[in-house]
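Numbering of residues begins at 1 and proceeds along the displayed sequence. Both ligands and their constituent atoms are indexed starting at 1 by order of listing.
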Amino acid sequence: MAAYQAARLVKGTMGRDSDTAYLDYNATSPVLAEVADAVAESISAFGNPSSVHGLGRRARAAVETAREEVAASLSVPVSGVVFTSGGTEANALALRSLAATAGCEAVLASAIEHPSVLAHVPNDNLIPVHENGIVDVSALEEMLQARAGPVLVAVMLANNETGVVQPVAEIVKLAKTYGALVHTDAVQAFGKIDVNFADLGVDSMSLSAHKLGGLKGTGALILRDGLSIEADLPGGGQERSRRAGTENVTGIVAFGTAAGRAGDLRRDCERVRRLRDRLEAKILAAAPQARIFGRETERLDNTCCVAISGVPSETQLMRLDLAGIAVSAGSACSSGKISPSHVLQAMGVAPEIAKCAIRISMGWKSTQADVDRFLDVWTPLALNNAA
Ligand code: PLP
């Protein structure tokens, strides 16, 4: 990456709170400087993209440019990009509209999916995962064999809690032999690993802008060429009648700009991995009894999910927060109440350990100083309270 670009990534992002060591990039990320610039410009071009006058045409052009940027970053045709209000809506569109339009009789999903996927899948249709967090492909095959009609299989590309990367291309090959469609939630993977829609062979993919420096409330469903869906909520014919409602022009422009930076963000992940690996080495040197989940398998470079028995997640989070360090529990619901992670439990982790897990997730502004600050607070807390 050019030195200028590298400097932009570190210094040129909005939202830096100098008092906070922000280690929660899988929850959301700071807004990139280019995105902030693009947003400011887009706000002044306030037209409705469906209007035929000049302001409308300007807004339409901005939306279509963003569509090209998102499509190019995944090597897909522009016609396959359906803008949504985020990853949650994109998952719902795939699991409800795509599954229904394609005549699928059921949706099977991995047990470690994000709640926005799990909400659409009965417990009996959950595909188990191995202890290392990888989907049990043989179990999926048995589930496919037991089905008479076509199904949709949903397996995420990378898990938001552990960072474990799933063998999606292998799952696609298997699913195709049973005539199944495959949807992948690439919300966490996009901007962190190379995501090539055609190479994966999936039928649909969900993305969210705020995980890679865009704005919250924007995302996309990517559809394979030739697949159609009916809008979940009927209305105006926006997004070629696949997603009604006046487009969130500013959010879409921000998403396109962030998608254009996905390659730079990915390349910066090598630096981030070194930070993460040093962090984990220091955690294990100080507290060898700590458990780091998914460490022995392919993971996102930025994610560390660690538990120390006897120190509840809430205690860790609160102490870290008081010291100005932002991390997440393994799983937090919107009420702020922390329950043991369904992901760790699906990996066979006992609930009493799962409720002691926290997730540290880094990104382009993370520094060694952030990691050191974390260790200065976490290490004595873990050592003095561990069971
Ligand atoms: N899928 C995964 C894996 C996520 O991590 C998230 C958000 O945390 C979502 C979906 C939901 O995305 P959004 O916040 O854009 O609705």
Worksheet item: Can you tell me if Gln238 uses its side chain to pair, donor with acceptor, with the backbone of Pro49 under 3.5 Å?
Response: no
Worksheet, complete the sentence: Output for pair (Glu142 CD, Arg147 CZ), nearest 0.5 Å, gives 13.5 Å
Practice prompt. May I ask you to decide whether Glu239 forms a salt bridge with Arg67, counting only side-chain N to carboxylate O separations under 4.0 Å?
Written response: yes
Worksheet entry | Heavy-atom side-chain proximity of Glu280 to Leu275 below 4.5 angstrom | no
Discussion item. For a quick check under 3.5 Å, do Asn160 and Asn26 share a side-chain donor-acceptor pair by atom type?
Written reply: no
Worksheet entry | First-shell residues of ligand 1 [heavy atom, distance under 4.0 Å] | Gly86, Gly87, Thr88, Asn91, His114, Ser116, Met156, Asn160, Asp185, Val187, Gln188, Ser208, His210, Lys211
Practice prompt. Answer yes or no: is there a side-chain heavy-atom contact under 4.5 Å between Leu118 and Leu126?
Written response: yes
